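All values below were derived from every heavy atom in this structure, side-chain atoms included, with hydrogens, water molecules and symmetry-related copies excluded. All of these numbers come straight from a predicted model, not from anything done at the bench. Within every chain, numbering begins at 1; the chains are lettered A, B, ... in the order of the sequence lines, protein sequences first and strands thereafter.
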Amino acid sequence: MKPSIPKGTRDFLPAEVRRREYIFAIIRKHFRRFGYQPIETPVMEDLQTLTGKYGEEGDKLLFKVLNNGDFLSKADENDLANRDSNKLVGQISKRGLRYDLTVPFARYVVMHQNDLAFPFKRYAIMPVWRADRPQKGRYQEFYQCDADVVGSDSLLYEAELTQLFDGVFHELGLRVIIRLNNRKILAGLAEIAGLADNMMDMTIAIDKLDKIGWDKVAEELTGRGAAPHAIQIIKQFLDASDLEAVAPLLAGSAIGGQGVKELREVFGLVAAQSPKNRVVFDVTLARGLNYYTGAIWEVAVDTDAPGQENVRMGSIAGGGRYADLTSIFGMKDMPGVGISFGAERIYDVLEELGAFPADAAEDLQYLLLCLDEDALQHGFGLVSRLRARGIHADLYPSAAKLQKMMKYADQRGVPKVLIIGSEEVKSGAYSLKVMGTGEQSKVTEAAL
RNA sequence: GUGGUUGUAGCUCAGUUGGUUAGAGCGCUGGAUUGUGAUUCCAGAGGUCGCCGGUUCAAGCCCGGUCUUCCACCCCA
């Protein structure tokens, strides 16, 4: 049989895994530095935990896990005869793969509320699954790196999470633009434009501004039922380039004014700590899951930065505040705010820019090559002692032709090779070859 | 989910209006080199042409289905 893997999934070669771990390690380090604690949840959740949380589109993208046993015998006769998949799903599948890390987290908070100290800060770096149609940078299995805090509506967390974005990307050597908006400003806009009932439609349309241009956005708004005067009002907003230009336009909306006030505070807090990256207000930033109610973030590669002009990649991180995520699981008044790093896309960008450090691909320091059986015995002792000292060392497992072993060393990408023959065993002075330069010298064990 | 696109050696790709035995580069194996890789030279191995079916005297090439890749939507990291 011909080997294959499911659509939208990937295998990773050792060098790729190391580079992914390099990204995860930096993100994890910053999460911990900011006081976020690790938690884990199962890859499978009860289907009822997941359904209805991501909108109608989201439900279609959920992976369902088939029940065990003779599940069809328990299914409804009529639904079976009618081939009604939607009705059948609940009868033959009670579990699904998690679609993100936020909803399982909400479930977790409700179930463990007595064991947690609030505000509760947690992080998780785990895979999620979506039955989306794959494209480049879009997979059916991918990792999310989330940090969330629940149990506080303090805007200090908005500021803190902005710093977290800033710190992580700075350490990764990537210049980014951190865009910030507030759902309340969008709500205020919808109110003033008379589209309060259609806020979702409105935000989806204006989010596409930089991609399709104003004319197409206006077209789409009309298609979604916006009146001409509403479109005029929206255009005024989108033409306003900064927060203080938007503020007066929202004078007639209480919720809009609240959004402006919150954003001013966050920008003030962040600016006072001198972020390394640009942090900007973007009224067109409308993306976010249905449950975002306050701040919204989106982070993109800064294509104005030297060397990054040609990067074409959507958002590489994002997040938002949600006033009410746990109430659906029966827990009221539990506001939260969280962010997520798109590790897969960050990987692609760093790869494109050649921004991975050289030692992210291989960390073996020495490879020992032995020329005969006696030397091999000796080499096993030596490699054992090197490992005990914390040195990353490996031993070619037989006394093969040196040419063959050297070729293996080259493929492994090891920086230094120790050659051990009868002379070396006798004298204790090993032949050390530096692969990069071809230089060769004699060293003793103590000098390694 | 809608429309399109891609699939030929381990990898990247050629392959004429359908016509005999499907090619190249790189990689791989062996040798030149009994203790020296990456460079050089010589030789060799490696293919159900994604899969299933159809048209035809004849299919890598045409048709249908299916899987996969990538792209545009939808949505999203």
Using whole Å, what does the distance between atom [atom2] of nucleotide [N] and atom [atom1] of [X] come to?
X	N	atom1	atom2	result
A:Q135	B:U6	CD	P	17 Å
A:L369	B:U34	CG	C1'	17 Å
A:L368	B:G35	CG	P	17 Å
A:K404	B:A38	NZ	C1'	17 Å
A:Q144	B:C76	CD	P	12 Å
A:R98	B:A77	CZ	P	16 Å
A:Q140	B:C67	CD	C1'	13 Å
A:L367	B:U36	CG	C1'	13 Å

If we take the [atom1] atom in both [N] and [M], what is their distance in whole Å?
N	M	atom1	value
B:U55	B:C61	P	15 Å
B:U29	B:A22	P	26 Å
B:G60	B:A77	C1'	39 Å
B:A72	B:U8	C1'	28 Å
B:G30	B:A45	P	15 Å
B:U17	B:G53	C1'	25 Å
B:C49	B:U36	P	44 Å
B:G19	B:G23	P	14 Å

Check [Y] with [X], please: is the shortest side-chain N to carboxylate O separation under 4.0 Å?
X	Y	result
A:R19	A:E351	yes
A:D46	A:K94	no
A:R321	A:E262	no
A:E45	A:K53	no
A:E424	A:K442	yes
A:D76	A:K87	no

By the 4.0 Å heavy-atom rule, please label [X] as base, sugar-phosphate, or nothing.
X	result
A:G58	nothing
A:Q411	sugar-phosphate
A:E141	nothing

Please tell me which of the listed nucleotides, [options], lies nearest to the side chain of [X]?
X	options	result
A:K433	B:U29, B:U69, B:U36	B:U36
A:S315	B:G31, B:C28, B:A77	B:A77
A:K208	B:G35, B:C76, B:C75	B:C75
A:M406	B:C70, B:A77, B:G37	B:G37
A:I204	B:G35, B:C75, B:C28	B:C75
A:E344	B:A77, B:A38, B:U36	B:A77
A:K7	B:C75, B:G37, B:U68	B:U68

Are A:F142 and the base of B:A77 stacked, counting only ring centres nearer than 5.5 Å and planes tilted under 30°?
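So A:F142 counts as stacking on the base.
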Can you find an N or O donor on one side and an acceptor on the other, under 3.5 Å apart, linking the side chain of A:E424 with the base of B:G35?
yes
Looking only at N and O atoms, is any donor in the side chain of A:R133 or the base of B:C73 less than 3.5 Å from an acceptor on the other one?
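Such a pair does not exist between side chain and base.
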Intermediate values then yes/no, side-chain contact (heavy atoms from CB on, under 4.5 Å), A:Y143 and A:E344
CA-CA 7 Å; A:Y143 270 74; A:E344 323 282 348; 3.6 Å; yes
G-U wobble or Watson-Crick pairing nucleotide for B:C57 (cut-off 3.5 Å, both distances):
B:G19
Given that both distances must come in under 3.5 Å, which nucleotide forms a Watson-Crick or G-U wobble pair with B:U12?
B:A24
